[in-house]
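Only heavy atoms go into these numbers, but all of them, side chains included; no hydrogens, no water, no symmetry mates. The sequence lines fix the lettering, A, B, ..., with proteins before strands; numbering per chain opens at 1.
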2 protein chains.
Amino acid sequence: MSPVSRREKLRQDTLREIRAVARELLRSEGPAAVTINAIARQMGMSGPAVYRYYANHEELIEAVTADFYRELTVEMEAARDTHPPGEHRDRLLSSCRALRAWAVRHRPEFRWVFASPVPSRAALQPDSPLHLAGCEFGQVFLDQLVELWKTRPFPVPELHRLPPAHREQLQAYSREIGHALPPEAAHVFLTCWIRLYGMLCMEVLNQLDFACSDVEPLFEECLRELCGMLALAYAPPG
Amino acid sequence: MSPVSRREKLRQDTLREIRAVARELLRSEGPAAVTINAIARQMGMSGPAVYRYYANHEELIEAVTADFYRELTVEMEAARDTHPPGEHRDRLLSSCRALRAWAVRHRPEFRWVFASPVPSRAALQPDSPLHLAGCEFGQVFLDQLVELWKTRPFPVPELHRLPPAHREQLQAYSREIGHALPPEAAHVFLTCWIRLYGMLCMEVLNQLDFACSDVEPLFEECLRELCGMLALAYAPPG
DNA sequence: ATTTTTAGTTAGATAGTCTAACTAAAGTTA
DNA sequence: TAACTTTAGTTAGACTATCTAACTAAAAAT
């Protein structure tokens, strides 16, 4: 007895096809074109049939977004793993570059991830696939800083010099990740993450076009600064 | 003879009211609720009447977005001008804090500005009100760096050490702003802008909630770093 | 006083989300 | 195998959106 019935397999195939068609529409016609009806047409079925698979438009959108997170996560992990476990610097740089490469190669998808923003922590139920996928994505970066911290701790600010309110948040977060990083190292992690991800956000949302068409050099400089903060020697790509 | 006829005045009032109602809907019911019909209902007129004022939904959205840019610009300028012209440090910090204050106080609006992103440089016609408002917004920050550069130049990288492709873009941009900043100073401007704006982008798009509910301390640290890059002595708010 | 312009109206074409009621096929069980 | 249940699909339709067309009434211009 196979654990998945034939029916279940077909169902999974259809679910996958729906998301694939949605993505194709996103790429070819933009986010507004990703409608239940358009997907159904493309698949040669009637509109309401799609509701057998996703309860409503929002749920479909979330599933597609989760796919994007997962694909991005896999690519970052793959890039990271082109270097042996000990090579923290190369692993980190590779995965960061993979992040940007994906974002640039899949602009509509990356924009989509931002534009339908993680509805503030409180809103999204913490066990939804989207939330999970988002966490696992962030984890790729976090894990590497944790690993680095364990083997080759980077410089951190003195905890008592950080504003008390901020300190408490860092302590809470440190607890939340099982003390894998102490609060002051979590602060460095956050700072790095904001730099990296914030820059990509601006690039992909076309907020840098006024001055740049090619943002890669700025991104590399960002990576150089990241290395600085983490006491790693920057190395150019290639 | 008044230069604006009575009719024109009424028209401007209605245009303003449409945008105000749109904004109210955005705040109270979210971006999806900002529809031509809902606005018309709220104003007690029939749907198609709105088309006398805005040719289509997109044009209305653009006008509202331009309003947001303008309001934000005004607030930043006002904050800047609470300090006398010579006080570069205080003026810059005040306007940056005003930027974040507006973003946090008007989250839906700020999100909206990002989420309906400046359609890449090529797309948007350069004389549209939205594009203009966006430029004027960026100008608030740029102008201050220009002023600072003229009176108290900040450290810059050596131009020949930047990647050639990047150098060319910076040269083009420098030309575009009438050489108000040389390319290497434009590079510093860009770096600062990305830090500042990128961080806000992440905060407002709920990408930092996983660790922080109060991002202010991180923002202040960002300002501290900005001051460092610009050879200014950071000063806390208040 | 007549004409033109403008701001509004209703009716309707088209396209979306989503529900309800039904059908046919596939799987399950007596 | 026959009857039953579950599932994936169907069509019809209620509701809402954008936007066009054709019309009306009021205001402005001549």
Rounded to whole angstroms, how far apart are CD on Glu8(B) and P on dA28(D)?
12 Å

Does the separation of the ring centres of Tyr69(A) and Trp102(A) fall below 6.0 angstrom?
no

Donor/acceptor link under 3.5 angstrom from Arg52(A) side chain onto base of dG9(D)
yes

Nearest to the Arg6(A) side chain among dG27(C), dA7(C), dT10(D), which nucleotide is it?
dG27(C)

Will you find, in the side chains of Gln144(B) and Ser95(B), an N or O donor that is under 3.5 Å from an N or O acceptor?
yes

Roughly how many Å is it from CD in Glu58(A) to C1' in dG16(C), rounded to a whole number?
16 Å

Distance in angstrom units between Ile61(A) CD1 and dG16(C) P, rounded
14 Å

Which sits closer to the 5' end of DNA chain D, Val50(A) or Val34(B), going by the nucleotide each is nearest to?
Val50(A)

Whole-Å distance, Tyr51(A) OH to dT11(D) P, equals 16 Å

Would you please indicate if the ring centroids of Phe137(B) and Phe68(B) are separated by under 6.0 Å?
no

Quickly work out the Lys9(A) NZ to dA26(C) P distance and round it to whole Å.
15 Å

Quick one: which of dA12(D), dT18(D), dA21(D) gets closest to the side chain of Pro48(B)?
dA21(D)

Whole angstrom value for the distance that separates C1' of dA17(D) from CG of Leu25(B):
14 Å

Charged N-O contact under 4.0 Å between Arg91(B) and Glu147(B)
no

Any Ser46(B) side-chain N or O less than 4.0 Å from OP1/OP2 of dG8(C)
no

Whichever of Arg7(B) and Thr35(A) has its nearest DNA chain C nucleotide further upstream toward 5':
Arg7(B)

Arg41(B) CZ - dC15(D) C1' separation (whole Å):
11 Å

Protein-nucleotide distance (Asn56(A), atom CG; dC18(C), atom P), rounded to Å:
5 Å

Which of the following nucleotides, dT18(D), dA7(C), dA27(D), is nearest to the side chain of His57(B)?
dT18(D)

Strictly below 4.0 Å: does Arg11(A) bring a side-chain N or O up to OP1 or OP2 of dA8(D)?
yes

Does the Gln169(A) side chain pair with the main chain of Asp214(B), one donor and one acceptor, at a distance under 3.5 Å?
yes

Would you mind telling me which of dG8(C), dC18(C), dG16(C) lies closest to the side-chain atoms of Asn37(A)?
dG16(C)

